[in-house]
Amino acid sequence: MQSTNSNKQIWALIDCNNFYASCEKLFRPDLWGKPVVVLSNNDGCIIARSREAKALGIPMGEPAFKLKLLLEKHGVTIFSANFALYGDISSRIMNILESLCPKCEQYSIDEAFLQLDGAILPNLGGFCADLRKTIQQWTGITVSVGVGMTPTLAKLANHIAKKNPQFHGLYSLARKSTEIDSWLARIPVAEIWGMGKGHCKKLQANGISTALAMKNADDVWLKKNLTITGFCTALELRGITCQTTWENPDWKRKTILHSRSFGNRIHGFEELSEAVSTFTARCAERMRAMRLVAGGIWVRIRTSNFDSGYYANSGSASFLASTDDTAILIKKAKHILQNIYASGYPYAKAAVMFFDLAEKDKRQLSMFETTTEKSDNLMAALDRINQRYGKLTLRFGAMGLHVADWNMKQKRRSPGYTSDWNELAMVRWSCTPGKAGGLNCEPLKAAEYLGRLKAASSTD
DNA sequence: TCTGGGGTCCTAGGACCC
DNA sequence: TCTGGGGTCCTAGGACCC
């Protein structure tokens, strides 16, 4: 009998090429074809590179100050991370994918898995090419597509599509097993999804250096040395899907974290307390948007690894009744901070995490608290105002009243082209008749343009 | 001078119980 | 003074992802 995959599910991984750098280029046609890098928060490390920057040999994850000369020499354009922009472009792409495929699961800001019906196999090339073309036309972002019988194989296929220009950003491993194996024999274990440094070291020490060798490795050895997750990866290389997280209706978010390095070191308790309170408020805002409540809170402070005299400490506390009230959360965070703070250190980083999350509508109230209506109304008003008039318009005194010295550095952030009326891309020129005839033209910001439209319509 | 942030999962080991 | 065996739960830490 002829083997067929037509009744099976197959997986496609869609991955945006050089995503952050591509987003920056969308609104800067002058940078097309030129090297661009994006820096981490506080303008620390390089976290994204355009194709041209990769070709110059600029490494990923390297601190920018170490590469200053190289970046200058090649005229590389440097951006601070602009996550509001990347998040917005990402959601546009995810919307397109969802409209093209009912079973679509976002995996990261720039990746999504599609579950396709095996019946599509004869027309797979056409479907994927259309998908690439649509995303390119509607958003300006180029994506690579990898297809396989399991998520792990789809990931590898995507890797092949990226590394081999002759495939034009699209490769399928949903083929004969001999053909799959000939690819796997050429792929080093480090390229396999889930195989990091530690696992690769163990694999190589045991003589397993290619994806094919891992596929054929001994089950007992895999479980013992790479834990159950490594064993599952080997199963996926064999074509057996283990990944179930996405289809599981019981999946729940477990934690919400806000962690930042400071723009400048903090020495005093008061300032540190303002930072921790601000981080707590940010977590709370995100948590309310997800309709969740926290059962506990964890706070950590630390100095820099690169300063002498390292100090780090953390503490946590649980609530009798889970809450999403910023005032209660800040109070607890400050209490923890008092217990873990030691004076005399230059603090470089703090983190706040909420854990034991639960759905707000299903939460357990305490014996003494029968309603949270007052708090709910207050928090809802707070969120609405800050959403409408900008972050921190309304805030708690504990967060400090001035622009803090510890705020992160973002010297080269691009405008919020798609997320801020005042920073929208310029849409037209404003022209007035010049004295000597002709026109005087100036760029007109979108916000101003809208203002004029509004004024004009109210006088009609 | 300057070295990111936000997650998940797994395991070993300690505390505790009967 | 002797000090087993089986079980659960919690936590810290490691590994991995993008």
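In what follows, chains are A, B, ... by sequence order, proteins preceding strands, each numbered from 1.
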Query - Cation-aromatic face contact R413(A)/Y417(A), 6.0 Å, 45 degrees - result: no
Query raised in the report: Across the strands shown, which category fits D110(A) at heavy-atom distances under 4.0 angstrom: base, sugar-phosphate, nothing?
Result: sugar-phosphate
Report task. Using a heavy-atom cut-off of under 4.0 Å over every strand shown, decide if I256(A) touches base, sugar-phosphate, or nothing. Result -> sugar-phosphate
Query raised in the report: Among dG6(B), dC10(B), dC18(C), which nucleotide sits nearest the side chain of H258(A)?
Result: dG6(B)
**Report entry** Nucleotide nearest R260(A) (side chain, heavy atoms from C-beta), chosen from dG5(B), dT11(B), dC17(C)
**Finding:** dG5(B)
Query - OP1 or OP2 of dG5(B) under 4.0 Å from side-chain N/O of S261(A) - result: yes
Report task. Could you verify whether a donor N or O on one side chain and an acceptor N or O on the other, from Y20(A) and N18(A), lie under 3.5 Å apart? Result -> no
Query raised in the report: Of the candidate nucleotides dC10(B), dG5(B), dT8(B), which contains the atom at the shortest distance from the side chain of T229(A)?
Result: dC10(B)
Report task. Using only side-chain N and O atoms of K155(A), determine if any of them is under 4.0 Å from OP1 or OP2 of dC18(C). Result -> yes
Report summary line: Between the CG atom in D110(A) and the CD1 atom in I141(A), the distance rounded to the nearest 0.5 Å is 10.0 Å
Report task. Rounded off to whole Å, could you give me the OH-to-C1' distance for the Y20(A) and dG4(B) pair? Result -> 10 Å
Query raised in the report: Is the NZ or CZ atom of R186(A) positioned over W183(A)'s six-membered ring, under 6.0 angstrom from the centre and within 45° of the axis?
Result: yes
Requested in this report: Check whether any side-chain nitrogen or oxygen of K409(A) sits under 4.0 Å from OP1 or OP2 of dG4(B), and answer yes or no.
Outcome: no
Query - Between dC17(C) and dT3(B) - P atom distance, rounded Å - result: 25 Å
Query raised in the report: Is K254(A) salt-bridged to D356(A), going by a charged N under 4.0 Å from an acidic O?
Result: no
Requested in this report: Quick one: label N41(A) by what it contacts on the DNA or RNA (base, sugar-phosphate, nothing), any heavy atom closer than 4.0 Å.
Outcome: sugar-phosphate
Requested in this report: Please work out if E111(A) contacts a base, only the sugar-phosphate, or nothing of the nucleic acid, heavy-atom cut-off 4.0 Å.
Outcome: sugar-phosphate
Requested in this report: Report the C-alpha separation of T418(A) and D88(A) in whole Å, then their side-chain angles, then the decisive distance to 0.1 Å, and conclude whether the side chain to side chain donor-acceptor pair (under 3.5 Å) test is met.
Outcome: CA-CA 7 Å; T418(A) 63; D88(A) 182 68; 2.8 Å; yes
Query raised in the report: Between dC18(C), dT11(B), dG5(B), which nucleotide has the shortest distance from any of its atoms to the side chain of T227(A)?
Result: dT11(B)
Report task. Write down the distance between NZ (K197(A)) and C1' (dA15(C)), rounded to a whole number of angstrom. Result -> 12 Å
Requested in this report: Round to the nearest Å and state the distance from K66(A) atom NZ to dC2(B) atom C1'.
Outcome: 11 Å
Query raised in the report: Expressed in whole Å, how much space separates the P atoms belonging to dC18(C) and dC2(B)?
Result: 30 Å
Query - N/O (side chain, K254(A)) to phosphate O (OP1/OP2, dC9(B)) under 4.0 Å - result: yes
Report task. Kindly say if R253(A) contacts the phosphate of dG6(B), meaning a side-chain N or O under 4.0 Å from OP1 or OP2. Result -> no
Query raised in the report: M408(A) CE to dG5(B) C1': how many Å, rounded?
Result: 10 Å
Query - Given DNA chain B, 5'-ward residue of the pair I228(A) and R265(A), judged by closest heavy atom - result: R265(A)
Query - Nearest-angstrom distance from the residue atom NE2 of H199(A) to P of dC17(C) - result: 8 Å
Query raised in the report: Whole Å only: how far is the NZ atom of K224(A) from the P atom of dA12(B)?
Result: 11 Å
Query raised in the report: So which one's nearest nucleotide on DNA chain B is more toward 5', K223(A) or L257(A)?
Result: L257(A)
Report summary line: Output row for DNA chain C, stems defined as at least 3 consecutive Watson-Crick or G-U pairs under 3.5 Å, is B:5-18 with C:5-18
Query raised in the report: Stacking between W193(A) and the base of dC17(C) (centre distance under 5.5 Å, interplanar angle under 30°)?
Result: no
Report summary line: Whole-Å distance, M195(A) CE to dC18(C) C1', equals 16 Å
Query raised in the report: Are the aromatic rings of F279(A) and W298(A) close, with centres under 6.0 Å apart?
Result: no
Requested in this report: Provide, to the nearest angstrom, the distance between the CG atom belonging to N305(A) and the P atom belonging to dC2(B).
Outcome: 13 Å
**Report entry** Y347(A) ring center near Y341(A) ring center (under 6.0 Å)
**Finding:** yes
Requested in this report: Please name all residues satisfying salt bridge (Lys or Arg N to Asp or Glu O under 4.0 Å) with R51(A), sequence neighbours left out, ordered by chain then number.
Outcome: none
